[in-house]
Amino acid sequence: MSELSDRYSHAEVEDRIYKWWEESGHFKAEDRSTKPPFSIILPPPNVTGFLHMGHALDHTIQDVLVRWKRMSGFNTLWMPGTDHAGIATQSVVEKELRKEGTNRLEMGREKFLERVWDWKKQYGDRIYKQMRRLGDSVDWDREVFTLDDNVSKAVRKVFVSLYKKGQIYKGTRLVNWSPPLETAISDLEVEYKEQKGSLWHLDYPVEGTDAKLTVATTRPETMLGDTAVAVHPEDDRYKDFIGKNVILPLTGRKIPIIADEYVEREFGTGVVKITPAHDFNDYEIGKRHDLEFINLLNIDGTLNENAAQFRGLKTQEARKQVVKALEDEGALNKIEPYKNKVGYCSRSGAVVEPYLSEQWFMNVSEVAVPARHVVENGSTVFEPEQWTKTYLHWMNILEDWCISRQLWWGHRIPAWYCKSCQHVTVSETDPTECESCKSKELDQDSDVLDTWFSSALWPFSTMGWPQETETLKTFYPTNVLVTGHDIIFFWVARMMMMGLEFKEDVPFRKVYIHGLIRDSQGRKMSKSLGNSIDPVELIENYGADSLRFTLMSSLAAGRDIKFSQQRLEGYRNFMNKIWNATRFALGALKDFEVPAEGVNALPSKSNMSVADQWIVYKTQQIEEDVNRNLEQMNFQEAAQNVYSFVWHEFCDWYLEFVKPVVYGDASDDRKASQLVLAQTLNRIMRLLHPFIPFITEELYAKLPIKSEALIVEEFPTPEKDAQWLSLGSEEAAKEMEMVKDVISAIRNIKGENRIKPNIEIDVRLAPFDDTAQKILGSNKVEIMRLGRLKTCEIGEEGNLSKCAVTPVHSSGHQISVIVPLEGLVDIEEEIKRINKSMEKIQKDIGVLTKKLGNENFVKNAPEDLVAADKELLSSLKTQLSGLQESLNRLS
RNA sequence: AGGGAAUUAGCUCAGUUGGUAGAGCGCCACCCUUACAAGGUGGAUGUCGUCGGUUCGAAUCCGGCAUUCCCUACCA
C-alpha cells in the first residue's frame with residue numbers, strides 16, 4: 001500500500017510548495033556571503049502585462065540557471081521587477097476614463113497620475129502572481145518598480161550627468177508621431193503593414209515655361225508642405241530644369257528644382273516631391289539643401305493653418321479633398337494602384353505620422369564606443385555567438401535617441417524653464433529658483449522619458465545605485481542576461497552603454513539570446529490571429545513542471561520555437577512516470593532502515609548487484625552530462641539527458657532488475673539494493689529539480705534519504721559526489737549491457753514472430769567465449785524473468801533445426817540467441833524475419849568490404865578505425881553464416 | 001536592396017573537432033506482466049533541398065542554385 005495516488009496531480013502540489021519555499025526564505029540572496037555570487041536581473045515585464053509564452057520561456061531559462069546555481073553553492077540573486085510601460089499603461093487607464101465619459105485633460109495631470117497609481121496598485125501584481133505559478137525563484141524582498149523612488153533618483157542623476165556632458169540636448173527633429181496618443185513613439189512601437197494604396201501622379205508646372213514635371217506620391221495631401229522637387233543630377237531628361245522653379249498647385253508657391261542622388265531615376269517619373277517636415281528621407285534632403293520646413297500638422301493629426309482651406313481636416317479626409325482640388329485644377333495626371341508599407345502605432349492602431357517637433361535627444365555615438373569594444377574583446381559574450389554580429393551591426397548605425405515622450409505616466413524630465421529669462425535648469429532635485437536669474441517662476445518640462453531610458457539603468461538602479469550598496473558590490477556585474485533577440489538594440493545595447501558609463505563595468509558577462517515562441521504552424525502568436533496560448537491555462541491543465549520541461553527541451557539555441565501541445569502532453573506523462581517510479585520505490589523501501597549518514601551512506605560493494613553497480617555508473621555519466629550542458633547553456637541537451645536517464649535507464653531497466661531483490665527475503669544483498677535505490681532516487685530528484693521544481697520537491701519530502709528542502713540541497717557533480725560514484729563499475733556496466741542486449745534479442749524474436757508477450761518460451765543461449773558464458777550464467781534468472789522464458793539453457797548452439805537465431809554482439813562478446821519455434825509460430829514469419837536481418841547484414845558487409853578494399857582508406861585512415869572496421873566485418877560474416885545456417889534448417 | 005539563419009523520418013528537431021544517420025511525438029502489431037494504459041514490448045519510415053568542388057571518405061568543410069524564415073532599410 002502506497003500513500004501516493006497512481007497519478008500525479010499537480011494542482012494539489014504546486015501552490016502549497018511555492019508558498020512553503022517563499023515562507024522558508026529560500027529565494028533570498030545575501031548581500032554579504034562567503035559563497036560566490038551569481039546574479040540575474042529579470043527583464044522587467046510591463047506592469048500592464050499578462051504572462052505570455054515568451055515570458056514562460058524567458059523565466060524558465062533563468063529559473064533553471066538560478067536553481068542550479070543555488071544548489072551548486074552560489075549566493076544567488078534573481079532580481080524581480082516590473083516596468084511602468086509609459087504608453088501601454090497610460091493607454092489602459094485612458095481607455096477606462098473614456099468609458100466613464102472623461103479624459104486625462106479634464107482630470108488634470110495630478111489627478112490622472114493618482115488614477116494610474118490606483119490602477120497599478122490594483123493590477124500591478126498580476127504578473128507576479130503568474131510568475132509564482134511558473135515557479136520563479138526570485139528574491140521577492142527586492143522587488144523593484146521602475147517608478148520607485150530610488151530608481152527615479154538614478155534616472156535623474158543619469159539625465160543630469162549626461163546633460164552636463166552635452167550628451168543630452170533638446171532639438172527639433174522629425175519623429176514618429178502617434179496622433180491619438182499625441183506623443184512621439186519609438187521605432188519599436190511602429191509596426192509596418194503592407195497595404196493597397198495608390199500612387200498619385202501630379203503635374204507641377206515649371207515656372208516661365210510650358211513644361212510640367214510629374215511627381216508621384218503615396219500621400220498627396222503632403223504636397224501642401226512641399227518645398228522642392230528633386231531629380232537625379234545626371235538624369236538627362238531633367239538636367240536642364242535644375243535650378244529653375246516649379247509652381248506648386250493649389251498654393252501657387254514657387255519651389256526650387258534641386259538635384260540629389262537620393263532620387264532613383266528608374267522609379268516612377270524620376271521626379272520626387274520633397275516634403276521635409278513629413279518624410280524621413282525628405283527631411284535629410286531638406287537639411288542637405290537648406291530647404292524650408294513647413295509643418296502641416298497639429299499634434300492630434302489634423303491639418304494646421306499651413307494647410308489653408310484644408311485646415312482642421314484629418315489626413316485621410318484631407319487626402320480626398322486635396323486630390324479633388326488637384327483634379328479640378330488639372331494637376332492630377334493619373335492614379336496608379338500601388339502597394340506600400342504603412343507604419344502603424346502598435347498602441348493605438350493609428351497611422352504614424354512623421355512629425356516635426358521639439359524633443360529631447362541623447363547623443364549615443366560617444367558611449368557606443370566602449371559598448372562596442374567590450375563585445376569585440378569578449379568582456380561580454382553573446383550566446384549563441386551569432387548574435388554578436390547583430391549587436392555590433394546595431395552599434396555601427398546608431399542615431400541619436402529621442403528620449404522624450406508627450407505622456408504623463410513616467411519619469412518627468414528634470415528640466416525647468418524660467419519664465420523670466422528662459423534659462424533651462426536641469427537638476428537632480430526640484431529647484432526652487434532659476435540657476436541663472438534666481439527667479440522663482442519655474443515650469444517643469446511636461447514631458448516624460450522614454451520607458452527604455454529607465455530600463456537602460458536596470459542592472460544597477462535595481463541594486464541601489466547611485467549609492468554604492470553592498471548589493472552592488474556583491475552582485476554587479478550580473479552573470480547573465482536572458483532575453484529575446486527582438487530587443488538586443490532597444491534594451492541590451494542601451495544597458496551596456498549606461499552600465500559602462502556609470503558603473504565603469506559591463507552590466508552582464510553573458511547575454512543568452514533565445515528565440516520567440518510561435519504556434520505549431522510557425523506563426524507569431526498574436527491577438528489578431530487568435531493563436532495565442534495562455535501559459536497560465538497550460539499550467540492549470542498540465543502543471544508548471546510539464547510546461548517548463550517542454551520549453552527547456554524544445555529550446556534550440558537562439559532559434560524560434562514552434563510550440564506543440566502534443567509535446568507538452570508527452571512531458572506531462574514524464575511527470576507521471578517520475579511520480580510512479582517514486583511510488584514504486586517507496587513501496588520497495590517500506591522496511592528500509594534509514595542510515596544516519598544520509599546521502600553519504602554506502603553499501604558494501606560486495607553486496608551490490610550488477611544492476612546496482614551499473615546504475616551508479618550511469619549516475620556518474622548523467623551528473624557529468626547535465627553539469628556540462630548546463631554550464632554551456634545547452635538546455636535542450638541537459639533536459640534530454642535527464643529524461644532518457646530517468647525513463648530509459650532507471651525506470652526501464654534498473655527498477656525492473658531491482659524488483660525481485662526488494663520483493664525478496666531480507667538479506668545483505670537486499671539491503672544493499674535498497675540503499676542504492678534510495679540513494680539513486682535522492683540524486684535523481686536533485687538532478688531534476690532545476691527543471692521541474694514542484695514535483696521533485698514534493699517527492700523529495702517523501703524519500704527516506706533527504707534533508708529539509710530540496711531547493712537548497714547540493715546539486716550533484718562527479719566531484720562532489722565522488723564517494724558515492726566510486727561504487728559504480730564500468731565492468732558491471734558492460735555486463736549489464738550484454739544482459740540487456742540478450743533480453744532485447746529475445747523480445748525481438750517474440751515480437752517479430754507474433755508470440756504473445758505472456759507466453760513463456762524456451763531459449764538456448766550460445767556464448768562464443770568463457771567471459772560471456774560466465775556473465776550469462778550469473779544473470780540467468782534476470783534473463784528468464786525479463787525475457788519471460790520457460791527454460792533457459794546456456795551452452796552450445798546445438799541443433800538449429802526450426803529455430804530462430806539472433807546473433808548478439810555486445811561489449812566485444814558474441815552470443816547466439818536461439819529459440820526453437822516448432823509448434824509456436826508460422827515458420828514463414830520467421831523466414832521473413834531472418835531474410836530481413838540477412839539483407840541488412842549483407843548490405844553492411846558490402847559497405848565495409850568496399851571500404852576496406854580501398855587501399856587509400858587503409859593507408860590514410862586512423863589505425864584503430866581500420867582495425868575496428870575489420871573486426872566488425874569479420875563478426876558480421878560470422879553472423880551472416882549463422883543466419884544462413886538457421887535459414888537452411890528452417891525450410 | 002543589405003544583413004542573418006534555415007532546409008535531416010509523417011510532424012518538431014538533435015547530430016560537438018569529416019569515419020556506414022538519432023530522439024520525442026505520431027503510425028503499425030501484440031500485451032491490463034501487482035509503480036505507471038499519462039503504461040509495457042516489438043516494428044516500419046530518410047539519395048540528410050539541389051548541382052559542383054576539396055578528401056581515401058562529406059549531413060558535417062568550400063562554392064553556385066532553389067525554397068523558406070527573420071532583422072534592418074524602404075523607391076517618393
Side-chain angles (χ1 to χ4, degrees), chain A residues 2 4 6-8 187 192 199-200 215-219 222 229-230 262-264 266-275 279-282 338 340-341 386-387 389-390 393-394 397 485-486 488-489 515-516 518 520 522 524 542 546 553-554 556 558-564 566-567 569-588 632 634 636-637 640 643-644 648 651-652 655-656 659 663 743-744 747-758 785-786 788 843-844 846-848 850-851 854-862 865-866 868-869 872:
Chain A
S2 169
L4 301 188
D6 64 356
R7 282 203 183 172
Y8 171 53
D187 294 345
Y192 289 92
L199 197 57
W200 285 270
V215 299
T217 179
T218 53
R219 294 188 300 157
T222 63
V229 294
Y262 156 78
V263 180
E264 293 283 338
E266 291 74 26
F267 187 87
T269 58
V271 187
V272 187
K273 61 189 271 309
I274 303 298
T275 322
D279 182 280
F280 288 98
N281 290 308
D282 294 6
Y338 186 71
N340 66 338
K341 279 186 186 167
Q386 66 193 73
W387 293 106
K389 280 186 193 162
T390 307
H393 170 73
W394 273 111
I397 55 165
H485 55 67
D486 46 341
I488 288 179
F489 170 65
L516 274 49
R518 297 172 174 277
S520 56
K524 238 180 186 169
Y542 296 94
S546 309
S553 53
S554 311
R559 285 172 48 183
D560 290 353
I561 294 172
K562 285 183 196 168
F563 188 83
S564 140
Q566 270 186 339
R567 202 161 169 169
E569 273 175 41
Y571 291 119
R572 186 269 321 265
N573 295 352
F574 180 46
M575 300 309 129
N576 199 46
K577 189 79 181 173
I578 296 166
W579 181 262
N580 274 296
T582 309
R583 188 160 78 104
F584 162 77
L586 293 180
Q632 295 170 359
N634 293 329
Q636 186 187 44
E637 279 188 56
Q640 276 167 4
Y643 179 92
S644 85
H648 298 306
C651 293
D652 286 354
L655 290 185
E656 292 307 327
K659 271 178 186 173
Y663 283 149
I743 294 169
S744 296
R747 286 170 173 172
N748 172 280
I749 291 169
K750 278 187 155 186
E752 293 275 275
N753 284 297
R754 318 255 156 112
I755 300 169
K756 296 194 178 200
N758 53 359
R785 187 170 54 87
L786 296 176
R788 294 205 144 212
K843 200 180 127 210
D844 289 352
V847 172
L848 282 171
K850 198 179 154 203
K851 203 163 146 188
N854 183 337
E855 276 177 40
N856 287 320
F857 171 72
V858 180
K859 202 163 60 189
N860 295 322
L865 189 73
V866 178
D869 278 350
L872 186 59

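Order of the sequence lines sets the chain letters (A, B, ...), proteins ahead of strands, with each chain counted from 1. Everything quoted here is computed from the prediction, not taken from an experiment. These values consider heavy atoms only, across backbone and side chains, with no hydrogens, waters or symmetry-generated copies.
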Open item on the list: For a quick test of reading the model: is some side-chain N or O of A:Lys659 closer than 4.0 Å to OP1 or OP2 of B:A35?
Closed with: yes
Open item on the list: Heavy-atom nearest nucleotide on RNA chain B for A:Glu752 versus A:Gln636: which residue maps closer to 5'?
Closed with: A:Gln636
Open item on the list: With a 4.0 Å limit, can you tell me whether A:Tyr262 has a side-chain N or O closer than that to the phosphate oxygens OP1/OP2 of B:C74?
Closed with: no
Task: A:Asp652 side-chain proximity, nearest of B:U41, B:A76, B:G4 - done: B:U41
Task: Whole-Å gap separating P (B:G40) and CG (A:Asn580) - done: 10 Å
Open item on the list: Taking any heavy-atom pair under 4.0 Å as a contact, classify A:Thr217: base, sugar-phosphate, or nothing.
Closed with: sugar-phosphate
Task: Heavy-atom pair with the smallest gap, counting every atom of A:Val215 and A:Thr269 - done: CA-OG1, 4.0 Å
Open item on the list: Take N1-N3 plus N6-O4 or O6-N4 for Watson-Crick, N1-O2 plus O6-N3 for G-U, both under 3.5 Å. Which runs of 3 or more such pairs involve RNA chain B?
Closed with: B:1-7 with B:66-72, B:10-13 with B:22-25, B:27-31 with B:39-43, B:49-53 with B:61-65
- [ ] Nearest whole angstrom, please: distance from the P of B:U41 to the NZ of A:Lys750.
- [x] 13 Å
TODO: Determine, step by step, whether A:Lys562 and A:Ser554 satisfy the side-chain hydrogen bond (donor to acceptor under 3.5 Å, both in side chains) criterion, reporting the C-alpha distance in whole Å, the side-chain angles of both residues, the deciding distance to 0.1 Å, and the verdict.
DONE: CA-CA 8 Å; A:Lys562 285 183 196 168; A:Ser554 311; over 6 Å; no
TODO: Write down the distance between CG (A:Asp279) and C1' (B:A73), rounded to a whole number of angstrom.
DONE: 13 Å
Task: Within-4.5 Å side-chain heavy-atom neighbours: A:Leu199 and A:Thr218 - done: yes
Open item on the list: Over all strands shown, is A:Asn576 touching base, sugar-phosphate only, or nothing at heavy-atom distances under 4.0 angstrom?
Closed with: base
Task: For A:Val263 against A:Gly270, the heavy-atom pair lying closest together - done: CG1-O, 3.4 Å
TODO: Would you kindly give the CG-to-C1' distance between A:Leu516 and B:C71, to the nearest whole Å?
DONE: 12 Å
- [ ] Mark yes or no for a side-chain to base donor-acceptor pair under 3.5 Å between A:Lys859 and B:C56, with no hydrogen or angle criteria applied.
- [x] no
TODO: Give A:Thr390 one of three labels, base, sugar-phosphate or nothing, depending on what nucleic acid heavy atoms sit under 4.0 Å from its own.
DONE: nothing
Task: 5' priority, RNA chain B, between A:Trp394 and A:Gly751 [closest heavy atom] - done: A:Gly751
Task: Side chains of A:Asp869 and A:Lys851 in contact at under 4.5 Å (non-hydrogen atoms) - done: yes
Task: Protein-to-nucleotide contact annotation, 5' to 3' order, nucleotides 17-33 of chain B [B base; S sugar-phosphate only; - none; under 4.0 Å, heavy atom] - done: --BB---SS----SS-B
Task: d(CZ, A:Arg518; P, B:U68) in whole Å - done: 16 Å
TODO: Please state how far atom CZ in A:Arg7 lies from atom C1' in B:G39, giving the value in whole angstrom units.
DONE: 10 Å
TODO: Provide, to the nearest angstrom, the distance between the NE2 atom belonging to A:His393 and the P atom belonging to B:C70.
DONE: 17 Å
TODO: Can you see which heavy atom on A:Ala861 is nearest to which on A:Leu865, and at what distance?
DONE: CB-CD2, 4.3 Å
Open item on the list: Whole angstroms only, please: what is the CG-P distance between A:Asn856 and B:C56?
Closed with: 6 Å
Task: Side-chain (A:Lys750) to main-chain (A:Arg788) donor-acceptor, under 3.5 angstrom - done: yes
TODO: Any chance you could lay out the salt bridge (charged side-chain N to carboxylate O under 4.0 Å, His left out) test for A:Asp279 and A:Arg219, step after step, and finish with the verdict?
DONE: CA-CA 10 Å; A:Asp279 182 280; A:Arg219 294 188 300 157; 3.8 Å; yes
Open item on the list: Holding to side-chain contact (heavy atoms from CB on, under 4.5 Å), I want the full list of residues that pass it with A:Lys659, two or more places apart in sequence or in another chain.
Closed with: A:Phe584, A:Glu656, A:Tyr663, A:Arg785
Task: Centroid-centroid under 6.0 Å between A:Tyr571 and A:Tyr542 rings - done: no
Task: Side-chain N or O of A:Lys562 closer than 4.0 Å to phosphate OP1/OP2 of B:U12 - done: yes
